[in-house]
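To start, the structure itself, in structure tokens.
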Amino acid sequence: MKRKPIFPEFPHMLHGGDYNPDQWQHDPHVLEEDMRLFKLAGCNEMSLGIFAWAALEPREGEFDFTFMDRAMDDIYKAGGRVILATPSAARPIWLAKKYPEVLRCNDHFERNLFGRRHNHCYTSPIYREKVAIINRKLAERYKDHPALLGWHVSNEYNGRCWCPLCQEAFREYLKNKYQTLDALNRAWWSAFWSHTYTDWSQIDPPSPRGEMAVHGLTLEWKRFCSHQTVDFLKSEIAVLKEVCPDKPVTTNLMAFHDDIDYHELSRVLDFVSYDIYPPWRGADKHDIPLAKTIALYYDHHRSMLHQPFILMECTPSTQNWRPFNKLKAPGFHMLASMQAVAHGSDSVLYFQFRKSRGSSEKFHGAVIDHEGSENTRVFREVKELGERLKGLDALVGTYTKSEVALVYDWSNRWMLEASEGFQNRDKKLHDTVLSFYGALWDRGINTDIIGYDDDFSRYKLLIAPMLYSMSEEVGKKFEKFVAEGGHLLATYTTAMVNETDLCYLGGLPGAGLRRVFGIWNEEIDTLYPDETCPVRFADGEKAEAVDYCEHIHSEGAEVLAYYDDHFYAGTPAATRNSYGKGEATYIAFRDTGSAGERLLEEQLNRAGVRRLWDTPLPYGVTVHSRYDEDTEYLFLQNFSYGENTVETAMDLSDLETGEKLTGKIRLAPMETRICVLKH
Ligand code: GAL
């Protein structure tokens, strides 16, 4: 497959970020300096107008594009391009004061006052109308501007609203979905505690003042709020596409944000973009594990549309909103930026280009400091990165091939977290996902993070961490995948409830997976935090279970490990079953790493998954790759603050220096090398 840049007319690595000249209109000198420093920093992109509604429409129906006209022209003259924002993430005061319905209600059903960002209702017809007007104006004005690359719709959509309009829309959503109250009552098991609904108007959203116990209701409310956000996004996009059909659109996402099902949302985007602010700490013991988490997030964003993404925001130095806001160690900005590129980003963009002088983000890192010149450490590091990115055009639009995918589903997460049972403080979904992902990172294996609606047949191995909820249909998809030769690795709490949170009857795992795994999961034991349970592999190797110990029975599966204590001593703790042409491994207990890693390693080998590097990698070093036809670019990254050495028998060359690489390769602290491999 040939590489496919997101912006074919500008096939370069983007470098730049959020630019807010509306804050500096009183100081023309600053605006001039911005352009000089933009060029000097090796930047080529600005994200413009993200929170500029009050400047663009100071009074209802009165528009003023002076600052934006100038910025568009100046950026273009400086050789840059613009990803232009719609300003819906922060409404102007006049709008909120005149039309209070645009403000959100909280979960106590009280109307908020004007303030902050994203404090608006996605259902409000007035809000939608006003957003459509300003979006149309922007699209009409700039559609043919040569600087315009694409659209940045709103900013980090998030939040939920409990206003009367949302409540009514929720009831409509439920009517469409369930058709009859009888179907809804059955799906939600509402006879429990006498919660049967006899009229649609009786259904209120979950609230701490009212209903929190009907899990079907909680789940559908979260689905509805997510759906309503996506619907609002669609309404924003519709206007842009009507006026300006050829420019790609995105909205910037935030990892595994709880409010929105990003798999659903990404389907309406032309490309995915992502904002990330990791709390790097300048020590291996924090930053190597954190690098794995961040890699997981990047892979997730790339996998949504299976194409490169745009790193829309990161900080060149520090955040200001964490409890502690540490500076990145010198050199780490390069490593962290190259990590994004390694995992599929075609950009490194910042929040923000120039530090604001006042208000809540005045101490947030930026390319240009309050000092105002290029003579800062941060500016020099940004400039160094800018130089490097200029040499990476060959990577723009290259794609990632993965033989392994981790399956993640938002509804599953919502249901698992809302469920009452096992351990209630933290179900440990995130930890479970990370423990598998981290082991793949250590081994240098490209991994996709996919949803239930993805094509499973692309992969050799699917990892199914805590997929507590799945429909019969999804169960069939997994069955087909295994029957046709796929390898499936699942954990405790698999397929316990269906898609409306009703427990499967007839023995777990449900959704038809009991025969695929060849086991029956009879009970789940929850361990106290200070408890463990010894586990023994068939070859005598020992492990320790924590948190979850499922009491399972083999119904044909080979037993790989047994519990060694409790009343279930001697019963299976991990199993593998041949099913059709494939295999399904079940891990019935949670461990702190080694056992899951061993079982993963075995399954990787049995599935014939390729390690990108041909020798084991030292701790803290990883490899991820991107492809273009017969060329593979291997990003060899040392996340350690110390030196490391790797070995290879592959015949590689360094993309940036042309140097031949084989045998021993020394990696300086925080170094990234991009190695070219011809297939
Ligand atoms: C992001 C947001 C930016 C800025 C940044 C600060 O979440 O999109 O506008 O607030 O955080 O880290």
Side-chain angles (χ1 to χ4, degrees), residues 14 16-24 45-56 68 71 82-92 115-120 150-159 229 232-233 236 249-260 262 265 269 271-281 290 293-294 297-298 300-301 309-328 332-333 336-337 340 345 347-370 378 382:
L14 301 184
D18 287 20
Y19 181 46
N20 299 303
D22 48 314
Q23 295 174 18
W24 295 94
E45 187 276 355
M46 290 291 209
S47 314
L48 196 61
I50 298 172
F51 299 108
W53 196 343
L56 296 169
M68 196 169 265
V82 171
I83 301 185
L84 191 57
T86 67
S88 64
R91 76 246 74 80
R116 306 199 66 87
R117 313 180 256 193
H118 278 299
N119 175 13
H120 36 258
W151 293 100
H152 177 301
V153 182
S154 201
N155 189 70
E156 296 183 343
Y157 282 112
N158 66 78
T229 312
F232 184 87
L233 165 64
E236 287 214 52
V249 297
T250 192
T251 185
N252 42 349
L253 308 181
M254 297 179 279
F256 290 94
H257 195 73
D258 186 60
D259 298 348
I260 307 165
Y262 279 165
L265 182 145
L269 301 177
F271 66 100
V272 164
S273 62
Y274 179 34
D275 298 351
I276 195 162
Y277 293 94
W280 303 113
R281 282 178 66 167
L290 182 58
T293 308
I294 303 310
Y297 295 167
Y298 285 142
H300 178 221
H301 288 76
F309 63 94
I310 290 295
L311 175 60
M312 193 59 95
E313 285 182 26
C314 66
T315 175
S317 60
T318 176
Q319 293 83 232
N320 73 321
W321 44 266
R322 290 191 179 276
F324 302 94
N325 295 286
K326 201 171 162 63
L327 299 175
K328 276 187 212 168
F332 208 84
H333 179 54
S337 303
S345 176
S347 69
V348 178
L349 305 180
Y350 308 110
F351 176 84
Q352 60 179 332
F353 190 67
R354 180 181 283 276
K355 221 176 240 191
S356 304
R357 186 157 183 207
S359 213
S360 74
E361 289 181 331
K362 59 183 176 296
F363 295 126
H364 194 284
V367 177
I368 308 176
D369 185 60
H370 293 144
V378 170
V382 166

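Since we're looking at a predicted model, the values are computed, not measured. Throughout, residue positions are numbered sequentially from 1 according to the sequence presented. Atoms within a ligand are numbered from 1 in the order they appear, just like the ligands themselves.
Checking only distances, Gln319 never comes within under 3.5 Å of ligand 1, N or O to N or O.
Here Tyr262 and Phe256 keep their ring centres 6.0 angstrom or further from each other.
Residue contacts with ligand 1 for Glu361 involve side-chain atoms from C-beta outward but no N, CA, C or O (heavy atoms, distance under 4.0 Å). Only side-chain heavy atoms of Asn155 come within less than 4.0 Å of ligand 1; its backbone N, CA, C and O stay farther off. Contact annotation: for Asp275 versus ligand 1, heavy atoms closer than 4.0 Å belong to the side chain alone.
At the top of the distance list for atom 7 (O) of ligand 1, counting protein heavy atoms only, stands Glu156 OE1, 2.5 Å. With respect to atom 5 (C) of ligand 1, the closest heavy atom belonging to the protein is Tyr277 OH, 3.5 Å. At the shortest separation from atom 1 (C) of ligand 1 among protein heavy atoms lies Glu313 OE1, 3.0 Å. Of all protein heavy atoms, the one closest to atom 6 (C) of ligand 1 is His364 NE2, 3.2 Å. From the protein, the heavy atom lying nearest to atom 9 (O) of ligand 1 is Arg117 NH1, 2.8 Å.
Counted by atom type alone, Glu236 and Ser88 present one or more donor-acceptor pairs between their side chains at under 3.5 Å. For the residue pair Asn252 and Asp275, a side-chain donor N or O sits within less than 3.5 Å of a side-chain acceptor on the partner.
Note: Phe232 and Tyr157 have perpendicular aromatic rings, judged against thresholds of 30 and 60 degrees for the angle between ring planes.
Between Phe51 and Ala90, the closest heavy-atom pair is CD2-CB, 3.8 Å.
Annotation: side chain of Phe309 is not in contact with side chain of Leu269 (no heavy-atom distance under 4.5 Å).
Each of the following atoms of ligand 1 lies closer than 4.0 Å to a heavy atom of Phe51: 9 (O).
By the neighbour-count criterion of 12 heavy atoms within 6.0 Å, atom CZ of Arg322 is densely surrounded, having more than that number from other residues, nucleotides or ligands.
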